[in-house]
Amino acid sequence: QKRPVRFAMDRAGLVGADGATHVGAFDVTFMASLPHMVTMAPSNEAELIHMVATQVAIDDSPSCIRYPRGNGIGVDLAAEGIGKDLKGTPIEIGKGVVRREGTDVCLLAYGSAVNEALA
């Protein structure tokens with residue numbers, strides 16, 4: 001059914017500090033396999049704010065945001081278009097972001113792994 005159900009999944013991915021029983025290694029797999037599900041994973045706190053705005057705007061399908069435990073990486077929210085009201089702007093569903101241009105190799109990353117791929 002195409003209902004605007006919204007999920008927020010904490011402890012997503014491999015979060016070793018919480019122990020073996022709190023690993024979300026398969027959350028992308030099972031959520032993305034659900035019909036019409038929009039699955040999102042922010043790479044930083046600014047993307048999380050924009051993805052929450054996106055979830056609010058989605059009114060014709062279920063959606064989920066998965067995020068790891070802990071603090072953000074400390075991005076400048078104002079530089080990312082987020083004001084003091086902390087309201088984000090909905091992002092385009094299905095569109096990726098090129099973080100760094102290159103010619104030798106292409107790395108594709110999702111969620112917090114983006115920061116590790118750029119390191």
Side-chain angles (χ1 to χ4, degrees):
Q1 296 180 1
K2 292 187 172 185
R3 302 281 187 209
V5 179
R6 296 161 180 107
F7 297 91
M9 297 182 301
D10 185 22
R11 306 295 199 267
L14 303 175
V15 287
D18 286 336
T21 61
H22 289 73
V23 175
F26 303 110
D27 51 357
V28 174
T29 307
F30 79 79
M31 293 305 279
S33 69
L34 298 173
H36 312 291
M37 177 64 74
V38 175
T39 307
M40 299 177 275
S43 66
N44 59 49
E45 55 269 42
E47 282 187 358
L48 176 60
I49 292 170
H50 290 309
M51 288 177 183
V52 169
T54 304
Q55 271 195 314
V56 171
I58 295 172
D59 62 358
D60 61 352
S61 66
S63 59
C64 67
I65 298 176
R66 62 185 299 271
Y67 53 92
R69 75 185 285 269
N71 299 328
I73 61 171
V75 298
D76 182 355
L77 295 178
E80 298 292 331
I82 299 169
K84 294 185 184 219
D85 61 359
L86 295 179
K87 291 187 178 177
T89 304
I91 57 177
E92 183 179 343
I93 302 297
K95 182 177 181 183
V97 177
V98 175
R99 294 291 179 94
R100 186 181 300 154
E101 293 284 340
T103 57
D104 294 334
V105 68
C106 175
L107 298 178
L108 178 65
Y110 181 71
S112 59
V114 169
N115 303 309
E116 296 172 29
L118 291 171

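Here the structure is a predicted model, which means the values were calculated and not measured.
In Asp85, the CG atom is crowded: over 12 heavy atoms of neighbouring residues, nucleotides or ligands sit closer than 6.0 Å. Surrounding CG of Asp76 are more than 12 heavy atoms belonging to other residues, nucleotides or ligands, all under 6.0 Å away.
Test Glu47, Met31, His50, Met51 against Met40 for side chain to side chain contact (heavy atoms under 4.5 Å, CB included) and you get one pass: Met51.
The hydrophobic cluster containing Tyr110 does not contain Leu107, counting ILVMFWY residues as joined when their side-chain heavy atoms lie under 4.5 angstrom apart, directly or transitively. Residues Val75 and Leu86 are members of one and the same hydrophobic cluster, defined by side-chain heavy-atom contacts under 4.5 angstrom among Ile, Leu, Val, Met, Phe, Trp and Tyr. Linking Ile, Leu, Val, Met, Phe, Trp and Tyr residues whenever their side-chain heavy atoms come within less than 4.5 Å leaves Val5 and Val38 in two separate clusters. Ile93 and Tyr67 fall within a single hydrophobic cluster, where Ile, Leu, Val, Met, Phe, Trp and Tyr side chains are chained together by heavy-atom contacts under 4.5 Å. By the rule that hydrophobic residues join a cluster once side-chain heavy atoms approach within less than 4.5 Å of another member, Leu77 and Ile73 end up as members of one cluster.
No side-chain heavy atom of Ile65 sits under 4.5 Å from any side-chain heavy atom of Thr54. Between Pro4 and Ile58 the shortest side-chain heavy-atom distance does not fall below 4.5 Å.
The closest donor-acceptor contact from the side chain of Glu80 to the backbone of Gly88 lies at 3.5 Å or more, if one exists at all. Between the side chain of Asn115 and the backbone N or O of Ser43, at least one donor-acceptor pair lies under 3.5 Å.
Residues Pro62 and Pro35 approach most closely at CG-O, 4.0 Å, considering heavy atoms. The two residues Val114 and Arg99 have their closest heavy-atom pair at CG1-NH1, 3.7 Å. The two residues Gly72 and Glu45 have their closest heavy-atom pair at CA-OE1, 3.4 Å. Across all their heavy atoms, Arg66 and Pro42 have their closest contact at O-CD, 3.3 Å.
How far CZ of Arg100 is from SG of Cys106: 12.5 Å, rounded to the nearest 0.5 Å. Going from atom CG of Leu34 over to atom CZ of Phe7 covers 7.5 Å, rounded to the nearest 0.5 Å.
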